There are 2 protein chains.
Amino acid sequence: MNNNQAFIDKLRTSGLRPTKQRILIAKNLFERSKTFHFTVEKLNKVINKKGSAKVSLATIYNTVEAFTKAGYLKEILTSKSKSYYDTNIKSHHHFYDEGTKELTDIDYNQVKLSKVPVPPKGKKIKNLEVIIRIQK
Amino acid sequence: MNNNQAFIDKLRTSGLRPTKQRILIAKNLFERSKTFHFTVEKLNKVINKKGSAKVSLATIYNTVEAFTKAGYLKEILTSKSKSYYDTNIKSHHHFYDEGTKELTDIDYNQVKLSKVPVPPKGKKIKNLEVIIRIQK
DNA sequence: ATTATAGTTTATAATAATTCTAAACTATAA
DNA sequence: TTATAGTTTAGAATTATTATAAACTATAAT
Ligand SMILES: [Mn+2]
Ligand SMILES: [Mn+2]
Ligand SMILES: [Zn+2]
Ligand SMILES: [Zn+2]
């Protein structure tokens, strides 16, 4: 039952030693069948639920940040007050539901940009992902 | 030199009485030749600079919020830590420079979306504006 | 014009997400 | 096995924003 090597590898390549806490965080993030869109608050609740091992909020923040820097998570800027993260690191778009505050993936080729402006001189496009705000 | 009626009207239709402080805020926002992209911190600096009349930060926050609700300002979600606002209330797109943290307008017809996904059942698209992140 | 009242301004406190700190612990290399 | 560099954690600090409440003011009624 110790199939943690993938998580350990992600931690190592993120510059982190594989500790019990970090492996648990990695499991909660990456051992999923579907994309996980989350805030740190939500991840903290998932990890520190009833009876489970406890991981401090500081460690969750630090590990999420390291995974983001290493490219294993993507940050989605959606909300004024909270950071959202995404386990889907491919370039893709999102619906953001203003009512439920939930993100949903839109496949990259579901959006076609037939005209894109040229960036100002000396600047390069780093990222072009569309967030479509929806509501009832 | 008292051509403040436009500001007074904006305040009134935002549900605010035209006070000295609010008129000064409105002047700083709307008496401009070009679009103004700003954070509350920046607006506060502009208004409360050397020797000028003082307006409290709370009043600036409240007035910006009222103008936003009334549709005279638009909020741009760009940054994790600070809210950005825009005096250009037409539907349009932006470059966001990750280095300087400045927004630049992109005219609406400089971006062509030839394919847009259908929103989930029961949901409507509220907004589709593109933010293109740029850097050196 | 005077006054009563509802609305406003302001300093300051509270809140909430995030980051920092430093002491107790632990993975790992020697 | 041990030394050391790295880690975890509770709690403190930070920072943008929002709330509070007392002193002020625009406005409508007299
Ligand atoms: Mn905030
Ligand atoms: Mn923050
Ligand atoms: Zn996604
Ligand atoms: Zn703009």
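Order of the sequence lines fixes the chain letters, A, B, ..., with proteins taken first and strands second; residue numbering starts at 1 for each chain. All figures in this text were calculated on a predicted structure; none of them were measured in a lab.
Within residues 10-26 of chain A, the residues having any heavy atom under 4.0 Å from DNA chain C are, by residue number, Arg12(A), Arg17(A), Pro18(A). Taking every heavy atom of residues 64-77 of chain A and every atom of DNA chain C, no pair lies under 4.0 Å.
A side-chain donor-acceptor contact under 3.5 Å links Lys49(A) to the backbone of Val46(A). Formation of a donor-acceptor pair under 3.5 Å by the Thr59(B) side chain with backbone atoms of Val55(B) is not found in this model. The backbone N or O of Phe36(B) sits less than 3.5 Å from a side-chain atom of Thr87(B), completing a donor-acceptor pair.
The CD atom of Glu41(A) sits 16 Å away from the P atom of dT15(C) (whole-angstrom rounding). Rounding to whole angstrom units, CG of residue Asn44(A) and P of dT9(D) are separated by 11 Å. A straight line from CD1 of Ile8(B) to C1' of dT8(C) spans 16 Å, rounded to a whole angstrom. For Ile60(A) and dA17(C), the CD1 to P distance is 14 Å, given to the nearest whole Å. Rounded to whole angstrom, the span from the NZ atom of Lys54(B) across to the P atom of dA11(C) amounts to 10 Å.
Contact annotation: Tyr61(A) reaches the phosphate of dT18(C) (side-chain N/O to OP1 or OP2, under 4.0 Å). Applying the 4.0 Å criterion to OP1 and OP2 of dT10(C), one finds that Thr59(B) has a side-chain N or O inside that range. A sub-4.0 Å separation between OP1 or OP2 of dT18(C) and a side-chain N or O of Ser83(A) is present.
With DNA chain D read from its 5' end, the first of the two nearest nucleotides for Lys82(B) and Leu57(A) is the one closest to Leu57(A).
Residues forming a side chain to side chain donor-acceptor pair (under 3.5 Å) with Lys69(A) (at least two apart in sequence, or on another chain): Glu65(A). Here Phe95(A) pairs with nothing under the ring pair (Phe, Tyr, Trp, His ring centres under 6.0 Å) rule; sequence neighbours left out. The salt bridge (charged side-chain N to carboxylate O under 4.0 Å, His left out) test applied to Lys45(B) returns Glu41(B), not counting sequence neighbours. For Lys54(B), there are no side chain to side chain donor-acceptor pair (under 3.5 Å) partners, not counting sequence neighbours. The side chain to side chain donor-acceptor pair (under 3.5 Å) check on Ser79(A) picks up nothing, with sequence neighbours excluded. Among residues two or more places apart in sequence or in another chain, the side chain to side chain donor-acceptor pair (under 3.5 Å) test is passed with Asn44(B) by Asn48(B).
Here salt bridge (charged side-chain N to carboxylate O under 4.0 Å, His left out) pairs that include residues 113-136 of chain B, with residues two or more places apart or in two chains, are Asp97(A)-Lys123(B), Glu98(A)-Lys126(B), Lys74(B)-Glu129(B), Glu98(B)-Arg133(B). The stretch residues 11-22 of chain B participates, sequence neighbours left out, in no salt bridge (charged side-chain N to carboxylate O under 4.0 Å, His left out) pair at all.
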Under 3.5 Å, which protein N or O atoms sit close to an N or O of nucleotides 20-25 of chain C? Give each pair with its distance.
none

Requested in this report: Go through the steps for Asp107(A) and His93(A) under the test side chain to side chain donor-acceptor pair (under 3.5 Å), then give the verdict.
Outcome: CA-CA 6 Å; Asp107(A) 196 82; His93(A) 308 289; over 6 Å; no
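What you find for Tyr72(A) and Phe30(A) is that their closest heavy atoms are O-CE2, 3.4 Å. Of all heavy-atom pairs spanning Phe38(A) and Asp86(A), the tightest one is CE2-N, 4.3 Å.
Consecutive pairing runs in DNA chain C reach the stem threshold at C:1-30 with D:1-30, where a stem means at least three Watson-Crick or G-U wobble pairs with distances under 3.5 Å.
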